[in-house]
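Quick note on labels: first sequence line is chain A, next is B, and so on, each numbered from 1.
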Amino acid sequence: MTTLDLTRAELALIVLYLNKAEARDKICRAIQYGSKFLSGGQPGTAQTVDKNTSLARKVFRLFKFVNDFHGLISPVPKGTPLPLVLLGKSKNALLSTFLFLDQIVWLGRSGIYKNKERTELLGRISLFCWLGSSVCTSAVEIGELGRLSSSMKKMEKELKADDELYRAKLQKSNDRTLALIKSSMDIIVAIGLLQLAPKTISPRVTGAFGFTTSLISCYQLLPSRPKLKTP
Amino acid sequence: MSTLETTRAELGLVVVYLNKAEARDKICRAIQYGSKFLSDGQPGTAQNVDKNTSLARKVFRLFKFVNDLHALISPVPKGTPLPLVLLGKSKNALLSTFLFLDQIVWLGRTGIYKDKERAEILGRISLFCWMGSSVCTSLVEVGELGRLSASIKKLEKEIGNKDKHQNEQYRAKVEKSNERSLALIKAGMDVVVAFGLLQLAPKKVTPRVTGAFGFASSLISCYQLLPSHPKSKMV
């Protein structure tokens, strides 16, 4: 019975993880960019999977712009400097616009909205919004990392390095570093999708970076992060 | 400020709702069967949307068979009669098999799995599993409704007809019975949808009928997933 209990507990964690819309979206994103990497932009099974999964994610993200719109009108934590607040809100506004326009792109791709030319144009604008939101996220993470490191240095001087609070800040700083890596890689993905530098950022490079950022997102969504208990 | 706060609170509820994978899946299911209804199986935009959304849902349900596998090996509430337990477990097993096979159907549709013929056969088997699971769900709901109505009658005798609406336990049971009736209606409709998808009665259950029943059962699912059911306080 104990092995059954153990399996059940493990399965319960997986069920909990997969019940999040965001986790499923990021798994599909990994499939999407993984097949973009494999196809290298050439027609074939891999490209079909890439395109189908891209379209599938669009229909699953209908109304998701509400998420960032909600973030936009929600209050920020007290003590956040104004430049970081503005950058954070710009990120919300840009991401929300991207997700809103992406709905129209879905309408266009599925043939409900007939104007193909305008669909393409809106698709490009939406990708620029996404690029902008990734730039904003990177800038926010850099700013927050700077704030964290200065407050940690202050604590080190006061010999509070064993403090619970210090360890929490260290953990936070690691999380933010990972988020910074992810958003910088997403900038490259956006440049690739927009074909702004088609020679250096080929579909294969775009796929590789997109796949990596998807895996990072999947990791970030894990229910309880592995705590830094073993030094 | 207060209107902004209300909007924010309302949006917060929408966000929580849409963050559930299940809610998003059922919204897409409504789109899928809604367009099946509109297309009536004829080529065109509506059929395109139906097919694309169907494929989209498959990729989003990868690994979802784990859900029912988990339910299959989880203990049941104490006091459930053996026939209902067996029906419930059969439902879990059938649904899990459906979701597992559906993954192979997805692999076939996207061209990763090359054997088209076998993908078609597995698709049909998977739909039979789904139909079986809907039949099991219907039977479970009928059985549970019977048990509930017996215990409600017993309670009525004990507390008398006048004060029954003041009784917390009585109200909870009536509420539960309403929920189960809705689940029974949904499962019954889904049996019709499975009939339509398998084309077992193509003259009666046309794509339009299938679409209509599928759309209605999707809306019921969306309602069931609402965070807090509207309580029947104002009666």
Side-chain angles (χ1 to χ4, degrees), chain A residues 1 3-5 7-25 27-29 31-32 35 38 44-75 106-107 109-114, chain B residues 1 4-5 7-25 27-32 35 38 44-75 106-107 109-114:
Chain A
M1 271 309 274
T3 40
L4 182 65
D5 280 337
T7 325
R8 201 189 301 147
E10 278 165 0
L11 275 184
L13 282 179
I14 298 174
V15 168
L16 206 65
Y17 184 70
L18 291 177
N19 278 351
K20 288 184 215 168
E22 193 65 12
R24 287 207 168 266
D25 183 54
I27 292 169
C28 290
R29 191 174 186 265
I31 296 172
Q32 180 191 342
S35 24
L38 290 178
T45 305
Q47 201 186 38
T48 313
V49 176
D50 172 12
K51 288 199 170 160
N52 278 340
T53 319
S54 164
L55 198 61
R57 288 183 60 224
K58 286 192 205 305
V59 59
F60 260 84
R61 286 187 314 213
L62 291 177
F63 318 116
K64 201 188 167 186
F65 71 95
V66 173
N67 272 27
D68 276 271
F69 189 67
H70 184 247
L72 186 64
I73 61 169
S74 293
W106 174 73
L107 290 174
R109 294 268 162 84
S110 51
I112 300 171
Y113 179 64
K114 302 283 179 201
Chain B
M1 269 309 275
L4 180 65
E5 265 161 32
T7 323
R8 201 190 297 146
E10 278 165 3
L11 273 184
L13 285 178
V14 177
V15 169
V16 170
Y17 184 70
L18 290 178
N19 277 349
K20 289 184 215 168
E22 194 64 11
R24 286 207 168 267
D25 184 54
I27 292 170
C28 289
R29 191 173 186 263
I31 296 173
Q32 180 191 339
S35 9
L38 290 178
T45 305
Q47 199 187 38
N48 240 353
V49 175
D50 172 13
K51 287 198 170 163
N52 280 339
T53 318
S54 163
L55 198 61
R57 287 184 59 226
K58 286 192 203 306
V59 59
F60 260 80
R61 286 187 316 213
L62 291 176
F63 320 116
K64 200 186 167 186
F65 72 96
V66 173
N67 273 26
D68 277 271
L69 193 67
H70 180 248
L72 186 64
I73 60 169
S74 293
W106 175 72
L107 289 174
R109 295 266 164 85
T110 48
I112 300 172
Y113 179 66
K114 301 284 178 200

Considering all heavy atoms of both residues, which atom of B:S35 and which atom of B:A46 are nearest to each other, and what is their separation? CB-O, 3.3 Å
So, the part of B:N52 with a heavy atom under 4.5 Å from chain A: the answer is side chain
Side chain, backbone, both or neither of B:L62 within contact of chain A (heavy atoms, under 4.5 Å): both
Part of B:N48 lying under 4.5 Å from any heavy atom of chain A: side chain
Interchain contact, A:T48 with chain B, by part (heavy-atom threshold 4.5 Å): side chain
B:V14 versus chain A, the contacting section by heavy-atom distance below 4.5 Å: side chain
Is it the backbone or the side chain of B:R57 that comes under 4.5 Å from a heavy atom of chain A, or both, or neither? both
4.5 Å side-chain heavy-atom contact, B:V49 and A:V59: no
Among A:I14, A:V49, A:L55, A:N19, the residue with the most heavy-atom pairs under 4.5 Å to chain B is A:N19
Quick one: of A:I112, A:I73, A:T53, A:L18, who has the most non-hydrogen atom pairs under 4.5 Å with chain B? A:I73
Hey, are the side chains of A:L4 and A:R8 touching, using non-hydrogen atoms and a 4.5 Å cut-off? yes
Are any of the side-chain heavy atoms of B:F60 and A:D25 separated by less than 4.5 Å? yes
Under a 3.5 Å distance rule, please check whether A:S54 uses its side chain to pair with a backbone N or O of A:D50 as donor and acceptor. no
Can B:K64 and B:E22 be counted as an ion pair, charged N to O under 4.0 angstrom? yes
Are any non-hydrogen side-chain atoms of B:N19 and A:K20 less than 4.5 angstrom apart? no
B:I73, part contacting chain A, at a heavy-atom distance under 4.5 Å: both
